[in-house]
Amino acid sequence: MSRRTHISRNGIARPWVPAAAAYAALIIGILDIVKGVFPRLRGSRISEIASVLPGSVTTLAETASLLVGILLIMLAHALRRRKARAWRAVVVLLTVSVVLEALHRRPVAASVSLLLCVVLLVNRREFYALSDPRSRWRALWNLLVLGAFDVVIGWILIAAYHQTIADHPGFGDQLWHVVLGLVGLEGPVAFTSERAGDLVYFSLAGLGALTAVTTIYLALRPERPVAARTEDDERRLRALLDRYGRQDSLGYFALRRDKSVIFSPSGKAAVAYRVVAGVMLASGDPIGDPEAWPGAIRRFLEEARRHAWVPAVIGCGETGGEVWTREGGLDALEIGDEAVVEVAGFTLEGRAMRNVRQMVKRVERLGYTCRVRRTGDLSEADRERIRNAADFWRGTETERGFSMALGRFGDPADAGCLVVTAHRAAPEGEEPPGGDIRAVLHFVPWGADGISLDLMRRDRDADPGLNELLIVRALQAAPEFGVARVSLNFAMFRSALARGERLGAGPVLRAWRGVLVFLSRWFQIESLYRFNAKFSPLWVPRFLVYPTARDLPRIGVSALRAEAFLTLPGLGRGNGPFQRWRRPQAVPDAVTGGRRRGGRRAWRPSSGRP
């Protein structure tokens, strides 16, 4: 069933209405603000046009026009996203506008307001979306952003009435007058015109009241958690993974506890997701019986429709991508390849493995040893040492990962995970947080006979080749743990990098490869591809599933935020065991690649799954 057919069954026949209403609210709001701030425009052509538009005269005073304009701009985006609360607010504003225009004997403006109000009421089914889950941070951002906007608008308003200001106050006095006016107090600026003084005073007081009311509302309304998974949901997910976990190497990452989950009507399949910036982001293939995948996908898309979220899937396999595109009417784009090594066919012999073989032998001669263990077999002391070491080596304050990272280590529920550690005694006089641990690999289960790489970190003082040694030892020890397949890193746009350097590659492909190489300075694109290729893996394509091409930029930003490559200041997710640990010696905001700054070590992000 396509997304378009599904919407049609809910009686939605005019999908253009929300966008048209949003643009109308935005234009009207801008006109209201311009007319409220610049007095010379009130008798101009713009004022004549604005006077017949809804919202421009919805109150008795010119001050209210400014406030209504701000409200309409704030509501425009939510109106376009079909939010029911935004629709109700606009309907209320238009109803008030009709009453007031009728009292002021302005039949044209009253008629236009009434007409648009009727149009919105007739098309009320277009505005069905529920509110997004929010945190208390929304209230803080509202206070900061709207407060800054108030100060700018207030200063422009005072500047617009400069001819009626006495004693020519300086910029500082004008700014202080704005700040005091926002809290309802008189400032140092005096006006020769009583009308101008009253207009500025009431406008500033109204702006301040609007900011205070919206901030208090956001701060006091019930907070909904980002992830709504229960213990029963996790139990059901683990049961599905026990039975069907072999189908997808990313299946175990659905157990991240910052993800919500939707089950199919039969309960035999599920989709794990997180909502980021209005995008309902799933990862990997659905979990469970493939015959039940369509039911889980339809429920996922229905939830996205109810909230007007953009549905998207990152990192799904070819089979999953086919089901998503068929059931949801979506499109798919290949975004890279996953490196999978078959343990039975892996060997260090041969010319192709010469470089890896030499690096492994060199590192072993330097005194490094490796241990491969199940996390359930670790002592609590070993778990703590590995946690401390992994946190110390992390290059950023925020724990990265969403689609291919578990975000925790040593949880009793994850006893089946595999951890590989490299050891060498620390130099005399040094006490690193992990003791003799110099590098860590962490793998999660991939069904009963596979493992998938979750975490790869090492000491930046360690010798080159240590990661190669860890992977080789993991592959060599895999048969002892019943492991036949090992999923390594995900290589973004691997095929473009590989084809772009071949003989005969066209100019477009070479240019695209050049862009990827340039971006590799910040994102580990080419380096991960080169590293994975050393082990002669099988390349398994992974796809991005999306509704339309115009949604791709928004989905891209949401994916970067979910993976913590793009973070907002002061809004760290705080998920996973490594997030709250503090690096005792590292300089977190200096990236020097091993050079010394002020006697302290500065660390770069370690390689591994993004």
- Item | Atom of L301, atom of E327 and distance for their closest heavy-atom approach | CD1-O, 4.4 Å
- Is any side-chain heavy atom of V271 closer than 4.5 Å to a side-chain heavy atom of F263? no
- Message: Holding to side-chain hydrogen bond (donor to acceptor under 3.5 Å, both in side chains), I want the full list of residues that pass it with R238, two or more places apart in sequence or in another chain.
- Response: E234, Y252, D414
- Task: Evaluate the side-chain proximity of L453 to L441: yes if any heavy-atom separation is below 4.5 Å, no if none is.
- Result: yes
- Query: Is the W324 to F300 ring centre distance short of 6.0 Å?
  - Reply: yes
- Among all residues two or more places apart in sequence or in another chain, which pass the side chain to side chain contact (heavy atoms under 4.5 Å, CB included) test with A272? A254, K259
- Does a side-chain N-to-carboxylate-O contact under 4.0 Å join D551 and R554? no
- Message: Ring of W446, cation from R485 - is the NZ or CZ under 6.0 Å from the centre and inside 45° of the axis?
- Response: yes
- In chain order, what residues pass the salt bridge (Lys or Arg N to Asp or Glu O under 4.0 Å) check against R542, with sequence neighbours excluded? D248, E338
- Query: Do the non-hydrogen side-chain atoms of P286 and V323 ever get within less than 4.5 Å of each other?
  - Reply: no
- Query: Is the side chain of N489 donor-acceptor paired with the backbone N or O of L528 at a distance under 3.5 Å, no angle test?
  - Reply: no
- Enter the distance from L466:CG to D459:CG here, rounded to the nearest 0.5 Å. 9.0 Å
- Message: Main chain of F443, side chain of D454: is a donor-acceptor contact present, judged purely on distance under 3.5 Å?
- Response: no
- Message: So that I can tick it off, tell me whether K268 and D289 are bridged by a salt bridge, with the cut-off set at under 4.0 angstrom between side-chain N and carboxylate O.
- Response: no
- Message: Measuring only between side-chain heavy atoms, which start at C-beta, is L544 closer than 4.5 Å to I555?
- Response: yes
- Query: Quick one: CD on E342 to CG on L475, what's the gap to the nearest 0.5 Å?
  - Reply: 11.0 Å
- Task: Find the distance between CG (L406) and CZ (R256) and round it off to the nearest 0.5 Å.
- Result: 7.5 Å
- Query: Does H307 offer a backbone N or O that forms a donor-acceptor pair with the side chain of K83 under 3.5 Å?
  - Reply: yes
- Item | Main-chain N/O of A390 paired with R457 side-chain donor or acceptor, under 3.5 Å | yes
- To the nearest 0.5 Å, how far apart are CG in D232 and CZ in R235? 4.5 Å
- Message: Holding to ring-ring contact (aromatic ring centres under 6.0 Å, His included), I want the full list of residues that pass it with F543, two or more places apart in sequence or in another chain.
- Response: none
- Item | Check against side chain to side chain contact (heavy atoms under 4.5 Å, CB included), D285 and L250 | CA-CA 8 Å; D285 293 342; L250 307 186; over 6 Å; no
- Item | Minimal non-hydrogen separation, F535 against L488, with atom names | CD1-CD1, 4.1 Å
- Would you mind checking if R306 and E303 are paired as a salt bridge, meaning a charged N to carboxylate O distance below 4.0 Å? yes
- Mind running side chain to side chain contact (heavy atoms under 4.5 Å, CB included) on R257 and D411 for me, showing each step along the way? CA-CA 12 Å; R257 289 174 184 142; D411 192 297; 2.7 Å; yes
- Message: Show, in sequence, the C-alpha distance, side-chain angles and deciding distance for T375 and L418, and conclude whether the side chain to side chain contact (heavy atoms under 4.5 Å, CB included) test is met.
- Response: CA-CA 6 Å; T375 55; L418 206 67; over 6 Å; no
- Query: Is any side-chain heavy atom of P265 closer than 4.5 Å to a side-chain heavy atom of R299?
  - Reply: yes
- Query: Looking at residues at least two apart in the chain, or sitting in another chain, which of them share a side chain to side chain contact (heavy atoms under 4.5 Å, CB included) with L143?
  - Reply: T211, T215
- Item | Close side-chain approach of Y273 and I262, heavy atoms under 4.5 Å | yes
- Query: Under a 4.5 Å cut-off applied to non-hydrogen side-chain atoms, are F127 and R88 in contact?
  - Reply: no
- Which atom pair, heavy atoms only, marks the closest approach of G284 to V313? O-CG1, 3.6 Å
- Message: Pair I471, F531 - check side chain to side chain contact (heavy atoms under 4.5 Å, CB included), show working.
- Response: CA-CA 11 Å; I471 291 180; F531 180 83; 3.3 Å; yes
- Which residues satisfy the ring-ring contact (aromatic ring centres under 6.0 Å, His included) test with Y23, sequence neighbours excluded? none
- All heavy atoms of P547 vs all of D331, minimum pair found to be O-OD2, 3.8 Å
- Interatomic spacing from OG in S264 to CD1 in I297 - rounded to 0.5 Å: 10.5 Å
- Query: In Å, rounded to the nearest 0.5 Å, how long is the span from CZ of R274 to CG of L281?
  - Reply: 8.0 Å
- Output yes when a side-chain donor or acceptor of S452 lies under 3.5 Å from a complementary backbone atom of S249, and no otherwise. yes
- Task: Over 60° means perpendicular and under 30° means parallel, so classify the ring planes of H442 and F409, tilted if in between.
- Result: perpendicular
- Task: Flag yes if more than 12 heavy atoms outside R243 fall under 6.0 Å of its CZ atom; otherwise flag no.
- Result: no
- Please examine the side chains of L330 and Y546, heavy atoms only from C-beta on, and report whether any two atoms are closer than 4.5 Å. no
- Return the minimal non-hydrogen interatomic distance between P537 and V341, and the atom names on each side. CB-CG2, 3.9 Å
- Message: How close do W293 and G288 get, counting heavy atoms only, and between which atoms?
- Response: NE1-O, 3.2 Å
